[in-house]
Each structure stands twice: as structure tokens, then as C-alpha cells.
Number of protein chains: 2
Amino acid sequence: MTITIKDIATAVGVSYSTVSKALNDSPLVKQETKAKIIKIAKDLGYEPNFAAQRLVKKESKLIGLAWPTLDRMAHSVLATKINEEFTKNGYSMILSINSIQTSLDIFKRYQADGVIIFDEESTKTVHALTTIPIVSYGVGKGKDFPIVDVNYQKAMYAAVEYLAKLGHEKIAFIGDFSPIDDRQIEKYRGFQNAMQHFELSFSGDNLINTAGLSWYDGYIAAKRLLQSAFIPTAIIGTSYDISAGIVRAIREANFIIPKDISVVSYDNIPQMGNMEIPLTSVGVPVDVMAKQIVQTILRAIQNRQDVPLIQTLDPQLTERNSCAHVRNI
Amino acid sequence: MTITIKDIATAVGVSYSTVSKALNDSPLVKQETKAKIIKIAKDLGYEPNFAAQRLVKKESKLIGLAWPTLDRMAHSVLATKINEEFTKNGYSMILSINSIQTSLDIFKRYQADGVIIFDEESTKTVHALTTIPIVSYGVGKGKDFPIVDVNYQKAMYAAVEYLAKLGHEKIAFIGDFSPIDDRQIEKYRGFQNAMQHFELSFSGDNLINTAGLSWYDGYIAAKRLLQSAFIPTAIIGTSYDISAGIVRAIREANFIIPKDISVVSYDNIPQMGNMEIPLTSVGVPVDVMAKQIVQTILRAIQNRQDVPLIQTLDPQLTERNSCAHVRNI
DNA sequence: TTGAAAGCGCTACCAG
DNA sequence: CTGGTAGCGCTTTCAA
């Protein structure tokens with residue numbers, strides 16, 4: 001038999017409403033009784049029934065993270081940071097790896113106060129938007145729920161600008177151009193615009209499609225590039241994982257980073273510094289990203305109308321050891 | 001305002017207890033009324049209040065997976081498989097990336113029917129065991145809750161045996177010897193025993209400690225090995241990630257797999273076949289592992305006493321293209 | 001086949 | 001400061 005506040009009440013000899021107050025640390029209960037109640041509760045091994053609490057209260061202090069594909073280093077890091085941030089704010093976060101729709105159903109049934117969506121695919125429409133506050137991390141535009149996004153174009157501009165200032169003219173871009181993922185497309189556009197702006201030659205040659213987001217995709221793409229006629233002096237990789245593959249391919253081809261080839265990666269996470277070669281990277285620092293997402297969902301919970309539909313965060317470039325002035329040949 | 005069965009009741013013109021029955025597909029309700037109720041419920045966008053249901057019923061059909069560290073390819077694959085398996089069985093799975101203890105608290109509060117623990121560290125003791133059925137995936141022995149484990153020794157024996165039959169004598173073992181993780185220790189023991197059994201020379205030389213479980217750890221360790229005086233003809237890597245790093249290091253050192261060096265990896269997941277070089281691997285196939293874990297927790301939920309404390313699964317060796325007969329020099 | 005009513009365990013309000 | 005009581009939304013007897 002599980003023990004309830006009524007059991008405590010009879011054990012202590014007070015009414016169970018008093019027990020409830022005491023357990024919630026209400027100032028309406030004398031210290032002495034409160035202490036006694038708490039002690040007995042502990043002795044009895046009392047565990048509050050959350051379902052009952054939730055039935056009465058409005059909030060669950062629970063946030064769901066819908067993340068169908070458990071991959072992407074940068075996402076893992078972000079998820080962990082977001083979790084920390086919620087903990088600080090007195091919330092718990094749980095995660096579902098089902099489809100967005102299923103995850104949403106689960107979270108709704110369990111009365112999560114809000115949900116965050118991590119999803120690469122921008123095409124899917126989500127129903128049931130009305131019932132629960134949602135914030136999405138970078139899933140395209142034109143959605144009817146708030147999105148925290150990154151100014152990818154600016155990020156790529158910053159990367160190209162940085163390399164251009166180091167004298168690089170032959171810059172390659174390795175990323176995933178799947179039309180399904182708006183974020184990748186934005187990165188590409190940003191690169192394209194920046195190249196034009198700095199009047200750098202730009203053709204099909206410096207664009208390599210990974211057609212995937214794993215490090216191996218990046219590896220294969222870079223390998224292909226380095227076997228082609230066009231050997232760049234700098235490469236921009238569009239994610240932590242992809243860049244890991246790029247670095248690998250470069251080294252296998254016996255080029256030295258950054259002497260022969262400079263590398264800049266997207267994803268501004270501290271882990272970039274722990275790679276075999278600490279990579280200079282652009283992107284919104286995870287901490288900033290996490291804080292913004294958490295604050296947004298918290299605001300949405302308090303007042304749904306109050307939250308802007310799209311928030312675009314500005315990226316930063318963090319220098320590490322993967323770039324050098326271009327060599328004069 | 002969220003809509004309840006009472007709203008449906010008034011809308012349809014029946015009592016709300018009838019609505020409840022209809023929604024639960026009870027045979028006690030006339031087909032006709034049932035259909036009408038279900039239709040109206042849908043029209044109204046009714047969503048059952050889980051807290052209320054849970055308060056009355058005993059089970060939540062919810063399983064928690066406590067997984068503090070979101071990493072390890074093999075674990076991701078396993079988690080995904082387990083999730084599928086639960087879905088098939090009418091359960092939902094959610095995941096927490098907090099500490100085991102915190103995760104447990106969360107799951108308990110949300111009335112999960114059971115929890116699965118993924119944890120590398122075998123030292124931590126978990127409280128609150130009494131309240132909720134727990135199954136752990138390979139967290140050491142001597143715990144007071146059921147564990148589904150792998151016969152790591154047998155796995156390593158199978159790997160060594162396989163290589164020995166191909167004529168290999170110089171076999172290196174690259175893994176994490178952190179005393180914190182019993183599973184890694186078991187793998188090491190298995191290797192040691194097998195080497196002795198096949199009378200293969202065995203010294204500090206063929207043992208490389210990665211001191212970590214990421215691919216980069218494997219990479220560094222293998223690199224170190226290949227720069228040493230002892231160049232093996234075969235290498236055993238203790239996980240998908242570590243082996244990925246090993247393969248990388250081998251190729252960077254201009255050895256060819258499997259011509260120069262054969263590789264066998266632990267972790268029997270289909271993804272081993274998608275690597276740059278499809279790796280022959282040993283381990284319990286994920287499907288088997290997932291099914292076993294799910295069945296175990298389901299049994300534990302029905303009858304706590306019924307479940308064996310330790311279940312050790314037998315590994316299988318799956319041949320791919322990373323091993324060859326040792327070359328005669 | 002349907003309805004009434006008794007809770008599940010808890011919070012919150014109102015009296016005292 | 002403490003106790004009584006009305007629900008939260010739902011399932012489940014028990015009657016009708």
C-alpha cells in the first residue's frame with residue numbers, strides 16, 4: 001500500500017489539509033507541527049502522488065524535448081545545456097525520440113507545460129498546436145509556433161570574411177544541400193552571398209554536397225574535393241560532425257591544417273576545442289542558444305501571445321587553431 | 001478551457017459515465033451511442049487528462065530511460081530499438097539525461113511504470129529501488145535490481161578465436177580500462193583469457209588504454225600503438241566509436257584493412273556495416289538486446305519477484321570485410 | 001444499455 | 001494556526 005497524506009494525518013493526529021500545507025511549506029502551519037509532520041512523512045516513506053497534484057494544480061513543471069533522431073554532436077550538447085538551464089529554473093526536462101507528432105501526444109498526455117522541438121525537417125506540419133506551448137529550434141519559417149533560429153547567413157558571412165582577411169581566395173564549402181532542411185540551405189546562401197561580396201570566385205567547384213550530416217558524410221565529401229582539380233586553401237564545414245570528417249580527409253591527403261588548408265566550422269560549441277585540431281568555428285554559442293530557448297518557452301508558458309514567432313540569434317566567430325594566412329606559392 | 005468528458009456528455013446528451021465507457025470502447029455501450037460519442041469527442045478535440053486517468057488506474061504505460069550521457073553510437077541505436085519495442089507493446093518511452101537519481105525521481109513523480117538505466121558507472125548506488133521496477137543495462141553486478149548484461153568474456157573469446165583461426169598471433173586490444181566501468185573490464189579479462197587459451201603472446205604491448213570511449217580516444221590510442229615497436233596484424237576495438245577511431249588511425253598510417261591489419265570490433269549493430277570499412281564485430285545483436293530488456297521490464301512490472309537479477313546474453317560474431325588471413329612475410 | 005455516485009490523492013478555499 | 005470541504009477529470013461499481 002502506498003502511503004498518502006491521510007496516513008500521515010492520522011499518524012500525527014492532525015487533519016490532512018494541515019499535512020498538505022505542511023508538506024508544501026505553507027507559512028500557515030506552526031513550525032512545530034510542520035516539523036513533526038515532515039518527520040513522520042519521511043519515516044513513513046511518503047511520496048507525493050504527482051497525478052493527484054497535477055489534477056489540482058495547473059502546472060507540471062515538466063518540459064518535453066521532441067528529438068526524433070538522437071544524433072548530431074551539436075544537438076547533444078545543446079540538449080544537455082537546455083536541460084541544465086531548466087533545472088536551474090525549477091523545471092524537469094524529458095525527451096522523446098518518437099516522431100514529432102507522437103512525442104507531442106506523449107507530452108500532452110503527461111501534461112508537460114511546454115515542448116521544444118529539435119527537428120531537421122522543416123516540411124512536417126504539426127497539429128495540436130493549440131494545446132501546448134511549443135518552441136522549435138530552427139525548423140524553418142512560416143510555422144505557427146515560435147522558432148528560435150540562427151542567422152545562418154550572417155554566420156557564413158563571418159566565416160568567409162574571416163578567411164578573406166587571411167588572404168584566402170579559394171574557399172570550399174562542404175555541407176548538406178538537401179532541400180529538406182532550411183537551415184542548411186541558409187548556410188549555403190550565406191556562403192554564396194559572402195563570396196560574391198568579397199568578389200571571390202565561386203563555381204560548382206567549391207561546393208560539395210555531403211548529402212548527409214554525419215562525420216562520415218563530411219569525410220567522403222572532402223575526400224572527393226581533395227582528389228579533384230580544385231584544391232582550396234580553406235574549407236568551411238557546416239557542422240561539427242561534418243567538419244570532423246573534413247579534418248580527417250585533409251590529413252589523410254597529407255595536407256597540414258592550417259598550413260596548407262585552413263578550416264572553419266559551423267557550430268559554436270566548446271567541443272570544437274577538443275578535436276584533434278581545435279577548429280575555429282562560427283555559430284551561436286550553445287549557452288546563449290540554450291538560454292534563449294529556455295527563456296522563450298518559459299515566456300510562452302506564462303503568456304502565449306507574448307512570444308515572437310521568429311527570433312534570430314546572431315552568431316559569433318571563435319578563433320582556435322585551424323586557420324592561417326594563405327601561403328604565397 | 002480544456003474539454004472534458006462532461007462536455008462531451010452534455011453535447012451528446014448522455015451521462016458522463018457513458019462517455020467514459022464509450023471512449024474506453026466498453027462493450028457495455030450500444031454501438032450507435034458509442035459511435036456518436038466518439039465522433040463528438042473528436043469534433044470537440046477532446047484529449048483525455050492523463051493525470052486523472054492515472055489517479056484512478058494503476059498503470060501509466062510509460063517507461064523511463066535514464067541515460068545521463070547522450071553519447072555512444074551503440075547506445076543510441078539500442079535506445080531507438082528499445083523505443084520501437086515499447087511502442088509495439090503499447091507503451092511509451094521517455095528519456096531523461098539527468099543523473100540517475102534525478103531521473104529516477106522524475107520518472108517516479110510522473111508515475112512511470114518502470115525504468116531502464118543506461119549507465120557506464122557501476123559504482124553509484126541507487127535509492128528508491130522499492131518504488132518502481134528497474135532494469136539496468138550492464139551496470140555491474142551486486143546490484144539489487146535486475147540487470148541485462150552481456151557475456152563480454154565470451155565475446156572477446158570469440159573475437160580472439162576468430163582471429164587466431166585466421167592465423168593471427170600479434171593481436172592488440174584497444175579499449176578503456178577505467179576501473180569505473182565493469183563492462184570494459186570484463187572485455188579486457190575476456191581478451192586476456194582468450195589470448196592465454198590460444199597461447200598467444202600477451203604483454204603490455206598489445207594492450208592500449210584509450211581512457212575514454214569516444215572515437216577520438218580510439219584514434220589516439222591506435223596512433224600510439226602504430227608508432228610503437230609492436231605492430232600487430234590484428235586489432236580488437238571495444239566499441240563502435242573506438243573502432244571508428246582505430247580504423248582512422250590505421251589508414252592514416254598507410255596500412256590497409258584487412259590486408260595489413262585486421263580489425264574486429266565490439267558492438268553488434270547494423271551500423272558497423274556502414275562504416276568506411278564494414279567491420280566484423282562481436283556482441284549481442286541490438287534487436288536481441290532490446291527485446292530482452294523490454295521483456296524484462298515488462299515482466300518486472302507484472303511481477304517484481306519473477307525477474308532474475310542477472311541475465312547474461314550471449315554474443316554473436318558477425319563477419320564483414322575487415323579481417324583476412326595473416327600474411328606470410 | 002445507461003445513469004448515479006463513490007472515490008483516486010491532493011490543493012485551495014473558507015470557517016473557525 | 002488548524003480543520004472541513006469542495007472539487008480536479010476520470011474509472012468503476014452498483015442500480016435502474
Side-chain angles (χ1 to χ4, degrees), chain A residues 1-42 44-62 90 105 108-113 131-132, chain B residues 1-38 40-42 44-62 90 108-113 131-132:
Chain A
M1 243 319 282
T2 128
I3 109 116
T4 75
I5 49 171
K6 286 190 183 171
D7 300 319
I8 302 177
T10 54
V12 181
V14 293
S15 77
Y16 73 88
S17 67
T18 302
V19 173
S20 171
K21 285 172 203 144
L23 260 20
N24 287 299
D25 200 25
S26 159
L28 299 170
V29 182
K30 211 203 308 176
Q31 272 306 328
E32 197 185 344
T33 11
K34 197 186 285 185
K36 207 189 306 175
I37 290 172
I38 289 174
K39 185 186 178 315
I40 302 266
K42 188 159 291 171
L44 258 38
Y46 169 73
E47 304 260 4
N49 181 320
F50 206 71
Q53 289 182 159
R54 251 192 356 269
L55 195 53
V56 172
K57 304 211 281 201
K58 52 278 137 224
E59 54 177 19
S60 65
K61 293 285 186 183
L62 215 218
D105 288 343
K108 244 176 0 195
R109 293 193 327 135
Y110 293 94
Q111 324 268 118
D113 288 340
T131 3
I132 192 169
Chain B
M1 241 321 282
T2 129
I3 108 116
T4 75
I5 49 171
K6 287 189 184 171
D7 300 319
I8 303 177
T10 53
V12 180
V14 292
S15 78
Y16 73 87
S17 66
T18 302
V19 173
S20 171
K21 285 170 201 146
L23 260 20
N24 288 299
D25 199 27
S26 159
L28 300 170
V29 182
K30 212 202 309 176
Q31 272 306 329
E32 197 186 344
T33 11
K34 198 185 285 186
K36 206 190 306 176
I37 289 172
I38 290 175
I40 301 267
K42 189 159 290 171
L44 259 38
Y46 169 72
E47 303 262 2
N49 180 320
F50 193 75
Q53 286 182 162
R54 172 63 197 184
L55 195 54
V56 172
K57 303 211 283 199
K58 52 276 136 230
E59 53 177 20
S60 65
K61 294 284 186 185
L62 213 220
K108 243 176 3 195
R109 291 190 331 133
Y110 293 94
Q111 324 268 118
D113 288 340
T131 3
I132 192 169

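On a predicted model such as this, the values are computed, not experimentally measured, just so you know.
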Exercise for review: Please tell me if the side chains of A:V12 and A:K39 come closer than 4.5 Å, counting only heavy atoms from C-beta onward.
Suggested key: no
Exercise for review: Might you point out which heavy atoms bring A:V19 and A:A9 nearest each other, and give the distance in Å?
Suggested key: CG2-CA, 3.6 Å
Practice item. Of all the heavy-atom pairs spanning B:I3 and B:D7, show the shortest one and how long it is. Key: CA-OD2, 3.2 Å
Can you tell me how far [atom2] of [N] sits from [atom1] of [X], to the nearest Å?
X     : N      : atom1 : atom2 : value
A:N49 : D:dC8  : CG    : P     : 18 Å
B:L55 : D:dG9  : CG    : C1'   : 9 Å
B:D25 : C:dT1  : CG    : P     : 13 Å
B:E59 : D:dC10 : CD    : P     : 18 Å
B:D7  : D:dG9  : CG    : P     : 9 Å
B:E47 : D:dC8  : CD    : P     : 19 Å
B:E32 : C:dT2  : CD    : P     : 8 Å

**Study point:** Under the ring pair (Phe, Tyr, Trp, His ring centres under 6.0 Å) test, residues paired with B:Y46 that sit two or more places apart
**Key:** none
Revision key, fill the gap. B:S20 meets the side-chain hydrogen bond (donor to acceptor under 3.5 Å, both in side chains) criterion, sequence neighbours left out, with none
Review point. Closer than 4.0 Å, any side-chain N/O of B:S15 to the OP1 or OP2 of C:dG3?
Key: yes
Check your understanding: Are OP1 or OP2 of D:dT2 and a side-chain N or O of A:T33 less than 4.0 angstrom apart?
Key -> yes
Review point. Are B:Y110 and A:Y110 an aromatic pair by the rule of ring centers under 6.0 Å?
Key: no
Practice item. Note the angle between the end axes of the helix from C:dT1-D:dA16 to C:dG16-D:dC1, five pairs defining each, rounded to 10 degrees. Key: 40°
Point to revise | Main-chain N/O of A:A51 paired with A:N49 side-chain donor or acceptor, under 3.5 Å | key: yes
Check your understanding: Taking only residues two or more places apart in sequence or in another chain, which ones pass side chain to side chain contact (heavy atoms under 4.5 Å, CB included) with B:I38?
Key -> B:L23, B:K34
Exercise for review: For B:K6, check side chain to side chain contact (heavy atoms under 4.5 Å, CB included) against everything at least two apart and list the hits.
Suggested key: B:T4, B:Y16
Review point. Using a cut-off of 4.0 Å between protein heavy atoms and nucleotide atoms, how would you tag nucleotides 11-16 of chain C 5' to 3' with B, S and -?
Key: BBB---
